Novice: 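Can you keep this structure in mind? I'll have questions shortly.
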Amino acid sequence: MNLIFLGPPGAGKGTVAAIIKEKLGLVHISTGDLFRDNIKKETPLGKKVKEILASGGLVGDDITCQMVRERLKQDDCKNGFILDGFPRTIPQADDLQSFAHIDAAIEFAISTDEVVTRLSGRRVCPSTGKIYHVIFNPPKKEGFDDETGEALIQRDDDKEDAIKHRLEVYHSQTEPLIAYYKEKGLLKSFDASASSKNVADGILALAK
Ligand code: AP5
């Protein structure tokens, strides 16, 4: 099964993907994670996109599509994948059609107030990327990862100004994809203000 996770920043796409991928044996491909990995390793791509991510803007369509196209060629994608955060523009969605088949686009529907609360409280493990929230999903020991014991960090783009910009970019460039996939008969909408388990159960029911 090949899925797209579509929704505003902080809607819970990464959290639900971590549940679904285990149960369905899918590969979780987050374009945000791929960019952050390149930034961490200081690759040429990472140097090019560092400022863009910190500000909450979008990386160019050509660079992003090329990165996803190459990732989907890898063997582990043969049994299915979750594309989390891609496509994010109409040109990316058009391009995706030329190199992958998609079974469903999952919309994470949620209010702006809710995503601001979620993003401002999000903390992540720097090495594994495991996602926490200071209130909704706190680690066992405040400020530290449950498994590795590392100090948790706040993403640069989870600061107030960047959150505001990301939401503007989402509404202008990504939200039109909801109508795009609806028209193709691929859209499945879920209330993402529910618990991540409820959202995951709803998506898992699609696979039955
Ligand atoms: P990316 O990493 O994709 O960020 P995003 O789409 O903005 O999504 P987030 O990771 O912020 O949120 P999420 O929905 O995964 O929520 P999460 O599960 O963490 O992209 C980052 C940047 O990379 C972009 O701004 C852009 O610059 C670039 N980029 C990426 N893809 C691109 C593309 N295709 N084209 C161009 N540029 C691209 O949850 C959030 C918080 O809420 C957590 O703290 C979590 O614990 C909590 N939470 C989750 N679910 C629940 C729940 N049900 N109840 C309560 N709390 C919850």
Side-chain angles (χ1 to χ4, degrees), residues 4-21 28-39 45-46 48-69 71 82-96 106-125 129-139 146 152-159 161-175 177 190-203:
I4 289 169
F5 278 10
L6 187 59
K13 303 181 296 293
T15 302
V16 172
I19 302 172
I20 299 281
K21 70 169 184 181
H28 174 207
I29 301 169
S30 156
T31 38
D33 284 348
L34 292 176
F35 287 133
R36 282 185 288 276
D37 193 44
N38 275 277
I39 292 170
L45 172 63
K48 202 181 274 183
V49 303
K50 188 174 179 186
E51 293 305 317
I52 301 174
L53 264 83
S55 73
L58 289 186
V59 177
D61 290 335
D62 289 350
I63 293 178
T64 308
C65 289
Q66 178 64 18
M67 182 176 74
V68 175
R69 190 188 285 262
R71 181 65 186 86
I82 300 167
L83 285 177
D84 166 5
F86 180 91
R88 244 175 165 97
T89 64
I90 299 281
Q92 289 181 13
D94 285 341
D95 197 33
L96 176 63
I106 310 294
E107 180 198 358
F108 285 63
I110 190 164
S111 72
T112 299
D113 283 353
E114 183 91 13
V115 293
V116 170
T117 307
R118 287 188 183 182
L119 290 174
S120 47
R122 174 166 55 188
R123 300 292 182 269
V124 290
C125 172
K130 187 168 176 194
I131 305 164
Y132 297 88
H133 189 281
V134 290
I135 297 164
F136 306 134
N137 181 26
D146 292 346
L152 300 177
I153 56 164
Q154 184 174 33
R155 276 169 43 176
D156 282 344
D157 60 352
D158 280 347
K159 313 268 162 72
D161 282 354
I163 291 176
K164 204 167 153 244
H165 186 45
R166 287 161 72 196
L167 286 167
E168 286 163 2
V169 170
Y170 173 76
H171 291 305
S172 64
Q173 307 226 40
T174 309
E175 209 166 41
L177 290 175
F190 291 89
D191 172 10
S193 65
S195 74
S196 41
K197 183 183 176 305
N198 275 10
V199 180
D201 285 347
I203 299 168

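Only a predicted model underlies this, so the values are computations on that prediction, with no experimental measurement involved. All values below were derived from every heavy atom in this structure, side-chain atoms included, with hydrogens, water molecules and symmetry-related copies excluded. Each ligand, and each atom within it, is numbered from 1 in the order the structure gives. This chain uses plain numbering: 1 for the first residue, then up along the sequence.
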Novice: Crowded around Glu168 CD? As in, over 12 foreign heavy atoms under 6.0 Å?
Specialist: yes
Novice: Would you mind listing every salt bridge (charged side-chain N to carboxylate O under 4.0 Å, His left out) that reaches into residues 191-201, with sequence neighbours excluded?
Specialist: Lys197-Asp201
Novice: Could I get the full list of ring-ring contact (aromatic ring centres under 6.0 Å, His included) partners for His28, not counting sequence neighbours?
Specialist: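 Checked His28 against ring-ring contact (aromatic ring centres under 6.0 Å, His included); zero matches.
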Novice: Identify the heavy atoms of Leu53 and Val59 that sit nearest to each other, and give their distance.
Specialist: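 Reported closest heavy-atom pair: CD1-CG2, 3.8 Å.
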Novice: State which residues pass ring-ring contact (aromatic ring centres under 6.0 Å, His included) with Phe108; sequence neighbours excluded, sorted by chain then number.
Specialist: Phe5
Novice: Show the protein residues that qualify under the rule heavy atom under 4.0 Å from an atom of ligand 1, listing them in chain and number order.
Specialist: Pro8, Pro9, Gly10, Ala11, Gly12, Lys13, Gly14, Thr15, Thr31, Gly32, Phe35, Arg36, Leu53, Gly57, Leu58, Val59, Thr64, Gly85, Phe86, Arg88, Gln92, Arg118, Leu119, Arg122, Ile131, Tyr132, His133, Phe136, Arg155, Asp157, Arg166, Ala194, Ser195, Ser196
Novice: Sub-3.5 Å donor-acceptor pair from the side chain of Asp33 to the main-chain atoms of Ile29, do we have one?
Specialist: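 Side chain of Asp33 to backbone of Ile29, a donor-acceptor pair under 3.5 Å: no, none is there.
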